[in-house]
Amino acid sequence: MAKSDTAAVPVKGSKLMVIGGASLVGSATVDEMLARGAAEVTIFDNLSFGGRPNIAHLEGNPKVKMVQGDILKLHQLLRAAENMDGVVHLAAFMTLNFDRDPWGGIDVNIRGVQNVLEACRANKVRKLVFASSNAVYGYGPGVKGDLVENTPFHAAGAPPAAILYGSSKIMGEQLCRDAHRKWGQDYVILRYSTVYGERQHYRAANALYIVETHDAIKRGERPKVIGDGSETKHFVYVGDLACANCMALEAATTDVAVNTSGPAPITTLELVNLVAELSGRPELKAELVEPDPTKVRLTSGGAFEIVHRAAKDAIGWEPQVSMREGLSRLLAWRDASLKQAAE
Ligand SMILES: NC(=O)c1ccc[n+]([C@@H]2O[C@H](COP(=O)([O-])OP(=O)(O)OC[C@H]3O[C@@H](n4cnc5c(N)ncnc54)[C@H](O)[C@@H]3O)[C@@H](O)[C@H]2O)c1
């Protein structure tokens with residue numbers, strides 16, 4: 001890990017851009033930047049997955065600028081990155097979208113990252129925070145135990161779309177390192193674990209356990225768990241990640257990749273039963289079902305934990321929000337959104 005005095009970009013008073021800012025993580029990150037006193041925040045997004053509802057609460061805020069643009073169109077990025085002090089890059093295809101459209105995933109997750117780096121270089125953007133994923137450790141039977149930053153990638157026995165996603169994030173990370181070596185681009189890579197929180201979507205395979213469970217409970221049905229429910233998942237609350245993105249900009253650290261995971265892992269059975277309990281229907285216990293071979297399923301080889309100790313050393317970050325608290329916030333947001341939609 002390298003440290004330099006020049007790599008710190010204080011959020012307060014800076015002009016910042018969040019690429020893919022109309023996303024789950026992006027909308028929370030923009031909120032956090034504004035709370036920390038950013039001078040101006042540009043949301044750059046083509047609105048292909050995330051949408052205006054995610055950023056509707058920011059409309060009319062004089063410090064927020066929306067640029068509807070595509071990271072595959074370099075000229076749009078070059079223009080949007082003018083005068084930026086720091087950039088957080090979030091736009092990406094995840095596993096389920098890779099499954100539907102591999103070309104789209106390859107373009108956005110690889111060429112798109114290089115375009116972002118080129119735009120940073122051309123505009124002398126001081127620091128880039130790149131959203132990577134614990135998918136860089138892979139999936140399938142090889143994934144177990146403590147996952148630390150030098151844990152190798154496991155592909156055997158995992159669904160192709162998950163491996164395409166994980167390997168595309170490895171490529172994105174290497175492009176950041178390459179830019180640091182070639183022109184001294186300062187960057188921090190954050191390897192998010194599965195994100196959950198307000199403005200939760202249906203695009204992340206692991207977080208489907210939360211939203212589909214809540215949907216089933218709303219219908220008065222028992223939620224479904226694939227297999228025996230002993231599989232580990234490790235989530236992180238979206239507000240904690242918004243802080244991590246800001247802290248990565250503000251830290252003097254550069255040229256580093258760290259895990260940003262929640263306080264502790266959980267099994268799918270524990271998770272689904274917790275959602276039922278917090279939804280006020282603890283009697284709707286999970287029903288164990290066989291996997292559907294037509295759907296992508298993310299498995300591991302046993303219990304694992306995504307260790308986030310290095311994030312504390314590198315950027316001073318550690319998760320603050322417990323799964324119970326974060327889920328309560330997510331469910332309250334979903335209940336309010338569903339009620340509003342019904343009115
Ligand atoms: N959600 C998770 O569980 C999770 C876990 C680990 C890592 N990550 C990573 O975190 C980041 C954010 O995740 P999220 O769940 O908030 O994402 P999301 O799917 O909500 O948003 C991605 C955003 O990128 C935008 N986008 C896609 N292609 C684009 C393009 N060509 N040009 C401009 N914008 C484009 C979409 O419109 C969307 O707003 C991603 O990089 C993802 O890989 C997410």
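Just so you know, ligand 1 is whichever comes first in the structure, and atom 1 is the first atom listed for that ligand.
- Between the side chain of N123 and the backbone N or O of A119, at least one donor-acceptor pair lies under 3.5 Å.
- Salt bridge annotation for R281-E283: present, with a cationic side-chain nitrogen under 4.0 angstrom from a carboxylate oxygen.
- For the pair D146 and R309, the salt-bridge criterion is not met [side-chain N within less than 4.0 Å of a carboxylate O].
- Salt bridge annotation for R126-D85: present, with a cationic side-chain nitrogen under 4.0 angstrom from a carboxylate oxygen.
- Here the options are H89, R191, E173, the test is side chain to side chain donor-acceptor pair (under 3.5 Å), and the partner is S132; only E173 passes.
- In summary, the side chains of N54 and S27 do not present any donor paired with an acceptor at a separation below 3.5 Å, with no hydrogens or angles considered.
- Ligand 1 lies under 4.0 Å from heavy atoms of G20, A22, S23, L24, V25, D45, N46, L47, S48, F49, G50, G69, D70, I71, L90, A91, A92, M94, V108, A131, S132, S133, Y165, K169, Y192, S193, T194, V195, H201, R203, A204.
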